[in-house]
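Below: one structure, written as structure tokens.
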There are 2 protein chains.
Amino acid sequence: MNNTSKEELILEAAMDEFIARGWSGARMQSIADRAGINKTLLHYYYRSKENLYEQIVRRTMEYFFGSIFRKISGIENFEEFLRTFINTLIDLSSDNPRLPMFIMQELSRGGEAVLAILNDVLSRNNPPVTVVMLRNITRAMDQGKIRKISPIQLIMTLLGSSLYFAMAEPIVMKIGGMNGFMEGFDRKSFLEERKKEIFELIYRGLENRVADHG
Amino acid sequence: MNNTSKEELILEAAMDEFIARGWSGARMQSIADRAGINKTLLHYYYRSKENLYEQIVRRTMEYFFGSIFRKISGIENFEEFLRTFINTLIDLSSDNPRLPMFIMQELSRGGEAVLAILNDVLSRNNPPVTVVMLRNITRAMDQGKIRKISPIQLIMTLLGSSLYFAMAEPIVMKIGGMNGFMEGFDRKSFLEERKKEIFELIYRGLENRVADHG
DNA sequence: AAAATGTTTGACCACATGGTTAAACATAAT
DNA sequence: ATTATGTTTAACCATGTGGTCAAACATTTT
């Protein structure tokens, strides 16, 4: 049980707390409890709530964007890119359901500091995820593999479709539970089905076929 | 300037504050300031923060689900249903960008009380929005207008695609601003374009055509 | 005019929370 | 052995926040 272990323990506890309750909801005492240590030690390692928070935000963004980057960079084939991107987003968000909302929420709320972190994190991947995505889409369009669309719109649709369920899962389950449909719901198989359905829907929707019916 | 007016002013102020900062971030003093009154009067009308919050949640949900219900109920044609649903979601969420996230966040966090409100709100529409949506989709499937898919998956995709941009707008703009693409961005036309692109993509993706290539 | 209701002022309280401090103890590094 | 570092205990402080109270003033209702 060396120092790194406790420092790491604290970070993980803080991550849980901040992601679950947000900046204003998070409690230093609660973080200490989760980490199994006391408040004094918390301040010993991380001077203030602000400081700790900043490190959590960085960590979270690195994890999120890093994961996506590692999975999609290097893929040349559009179909594979599409499938991988969707799968990665769904896996990421279903493993860490509060993560996407945390990132979005804190980026809306946060000031310069949070933006600087985002900037820093994104610029570490070369080329940045955003560029990789745009390239894949425009290339597929140029090659005539998909019809002409707005790349940014497609990216929005992909992100929304893939991330939404994890974000809305609590409410979906509640509404579903109330109305009765959703009995025998199996999360794992639902998510696998989701991957396929999104891919299928979007891939078909992008098909570049000459108007074949009116 | 009668009493109803002030009571209403407070509600609106509280709505802004709660939606912008969430439960733990919202401040009673700040609500009073926004409403242009003092804290005492705030407690005079709404006893406690909890109580005020509950009314805001109810109001918000009534507004959100009510708007959707009013727009889509009664529509028989699937294409029209699809288009209207997408348009409504985009208009609603772009007019009130924090609303969807507020609802989702507070429903994850909130206990029995919030769930009870949701239940109450949803049961006031007959048939509930959820049922209307499911019906439209299954009917279209039965009539062979669209291919066989999982209705719930489609609904998730529709919600995600349509709501996501408003939720992620701050981060999208920041990333977009950093990378340079997104110059001359016009929100209004982007949103109109978004409506069309989502509809087009999903409508094509749902088409029920016999395998015509492979 | 009188009563009821709306509204402000300003002081006040209890409590939670972020943060500090000093002293003692534990464990590892020199 | 001694020093440096990690860790706990427990008390403590300043501040912010939800909430209250009493008294006065304003406006509407009766």
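Quick note on labels: first sequence line is chain A, next is B, and so on, each numbered from 1.
Aromatic rings of A:Phe102 and A:Phe18 (six-membered ring for Trp) have centroids beyond the 6.0 Å cut-off, not under it.
Between C:dT7, C:dT20, D:dG18, one nucleotide has an atom nearer to the side chain of A:His43 than all others, and that is C:dT20. Nearest to the side chain of B:Ser48, among D:dG19, C:dG18, C:dG6, sits D:dG19. The side chain of B:Thr40 lies closest to D:dA22, out of D:dT8, D:dA22, C:dT7.
Dashed line: the shortest gap from a side-chain N or O of B:Tyr44 to OP1 or OP2 of C:dG6 is under 4.0 Å. Neither OP1 nor OP2 of D:dG16 sits under 4.0 Å from any side-chain N or O of B:Arg27.
If you take CD of A:Glu7 and P of D:dG6, they are 8 Å apart, rounded to a whole angstrom. The nearest whole Å value for the distance from the NZ atom in A:Lys49 to the P atom in D:dT15 is 18 Å. Distance A:Leu42 CG to D:dT9 P: 15 Å, rounded to the nearest Å. B:Leu41 has its CG atom 16 Å from the C1' atom of D:dG18, to the nearest Å. Per the geometry, CD belonging to B:Glu17 stands 14 Å off C1' belonging to D:dG18, to the nearest Å. Straight-line distance from the CD atom of B:Gln29 to the P atom of C:dA11: 14 Å, rounded to whole Å. As rounded to whole Å, 14 Å separates atom P of D:dC21 from atom CZ of B:Arg47. In this structure, A:Asn38 atom CG and C:dA24 atom C1' are separated by 13 Å, rounded to whole Å.
With 3.5 Å as the limit, one finds a donor-acceptor pair spanning the side chains of A:Thr157 and B:Arg194.
Looking at heavy-atom distances under 4.0 Å, B:Ala26 makes contact with sugar-phosphate atoms alone, never a base.
Side-chain contact between A:Gln153 and B:Phe190 is present, with heavy atoms from C-beta onward closer than 4.5 Å. Within the 4.5 Å cutoff, the side chain of A:Leu122 has heavy atoms near those of the B:Ile175 side chain.
If you check distances only, the side chain of A:Lys6 never reaches the base of D:dG6 with a donor-acceptor pair under 3.5 Å.
Open room surrounds CZ on B:Arg47; 12 or fewer heavy atoms of other groups in view lie less than 6.0 Å from it.
Nearest-nucleotide assignment on DNA chain C puts the 5′-proximal partner with B:Lys39, out of B:Lys39 and A:Glu50.
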